[in-house]
Structure formats: structure tokens, C-alpha cells
Amino acid sequence: MKHWLVKSEPGEYSIQDFAQEKRAIWDGVRNHLAKRHLMAMQRGDLVLFYHSGAKPPGVVGLARVSQAQIPDPTQFDPNSKYFDPKATPEAPRWITVELEHLETFPRMVPIAELRERFSPQSLILLRRGNRLSVMPVPKEIFGDILRMAGSRYFEHGD
DNA sequence: GCCAACGTTGGC
DNA sequence: GCCAACGTTGGC
């Protein structure tokens with residue numbers, strides 16, 4: 001099982017929105033490296049939910065991949081800002097996943113705390129100028145963040 | 001408001 | 001195909 005982090009601006013789609021909907025197709029990602037990460041996700045993988053552009057920005061919740069390898073439906077929708085005229089249902093260009101909400105953390109972990117504890121080398125999120133919206137997180141760091149967030153999914157002995 | 005980083009666009 | 005200009009992301 002792999003571990004991941006996805007970013008969302010709370011004004012666009014917040015952890016509260018996600019908690020209400022329970023499941024969300026992670027659509028609208030149009031960056032090729034992020035797409036590679038989405039394509040590598042497998043059902044059951046755990047995903048940190050990060051609020052970007054928030055005050056302060058930070059990790060706010062936990063999700064699980066409920067369906068892998070889904071064609072992003074917005075690529076076929078002419079009314080969507082993510083419409084891709086080159087994409088067809090037979091040959092989709094953008095693949096994503098469905099995420100299931102597991103938890104809104106008892107305490108959010110602000111990026112400043114992540115910077116205190118982890119290095120930019122080990123956590124892509126912290127790298128200068130980082131704009132990637134979907135990224136892998138090392139298993140040990142993932143566990144540390146769950147503990148810092150007071151997550152009920154934190155497993156002692158991880 | 002500033003700056004870093006990166007993607008896209010368009011002139012040549 | 002090159003590269004400057006511009007737009008966007010996102011932290012501070």
C-alpha cells in the first residue's frame with residue numbers, strides 16, 4: 001500500500017465539503033506528473049487531505065482510494081473548464097481516482113509544523129516552489145503526521 | 001504584496 | 001525549435 005497527499009483550496013473544495021459528500025472523484029488535475037501519481041494509486045491507498053491557500057495552510061484530514069483508474073469525467077464536458085477536446089471516452093487523456101472520506105482530523109497540522117519536523121528532501125510538499133497537487137508521502141512520515149493530527153487511524157508501532 | 005517555480009503561448 | 005512574455009500556483 002502506498003501513501004499520498006492531495007491539495008485542495010478550501011474555497012474550491014474543503015474537507016467539510018468532502019465530509020458531507022463522503023466520496024469524491026478527484027477531477028480537474030491537469031499536470032502530467034500529478035497524473036502519473038494518480039495513475040499509480042491503488043484501491044485502499046491512504047491519502048492526506050491538505051488545504052492550500054488557507055490561513056494557515058495544512059493537513060486537515062484523511063481519505064482512502066475507493067476506486068482507482070477512473071477517467072476524469074470533466075475532460076469530456078464542453079462546459080467544464082477542464083474540458084479536453086482531444087479526449088474521447090475510448091481514449092481518455094486524464095485518469096484519476098475516487099476518494100472516500102475517512103476522517104477530519106481532531107487537529108489540523110499546519111505547514112509550519114511540518115517544516116519543523118520534516119525535511120524538504122523527504123517531503124515533496126515542503127520543497128521550495130512546489131506546485132504539485134498530488135504527491136507521494138513516505139510511509140513513516142505519513143504515520144508521524146497521523147499522530148500529530150490526533151488521528152484515530154494512527155497505529156502505534158508504525 | 002512579493003517572490004519562486006513552472007506551464008503555456010506566440011513570434012520568429 | 002527557441003525563447004521571451006505572461007499566467008497560475010501557493011507560501012510567506
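So that the names make sense, note that chain A is the first sequence line, chain B the second, and so on, each numbered from 1. Being a predicted model, the structure only gives us computed values, none of them experimental.
Between the C1' atom of C:dC12 and the CG atom of A:Leu126 lies a distance of 14 Å, rounded to the nearest Å.
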Kindly give the atom pairs (protein nitrogen or oxygen, nucleotide nitrogen or oxygen) under 3.5 Å for nucleotides 5-9 of chain B.
residue	atom	partner	partner atom	Å
B:dA5	N3	A:Arg131	NH1	3.1
B:dC6	O4'	A:Arg131	NH1	3.4
B:dC6	O2	A:Arg131	NH1	2.4

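A:Arg115 comes within contact range of the sugar-phosphate backbone alone, with a heavy-atom separation under 4.0 Å but no base atom that close.
Residues passing the salt bridge (charged side-chain N to carboxylate O under 4.0 Å, His left out) test with A:Arg131, sequence neighbours excluded: none. Here A:Arg43 pairs with nothing under the salt bridge (charged side-chain N to carboxylate O under 4.0 Å, His left out) rule; sequence neighbours left out.
You'll find the ring centres of A:Trp4 and A:Tyr50 outside the 6.0 Å limit.
Test A:Leu114, A:Val137, A:Leu132 against A:Leu125 for side-chain contact (heavy atoms from CB on, under 4.5 Å) and you get one pass: A:Leu114.
By the 4.5 Å heavy-atom criterion applied to side chains, A:Val59 and A:Lys7 are not counted as neighbours.
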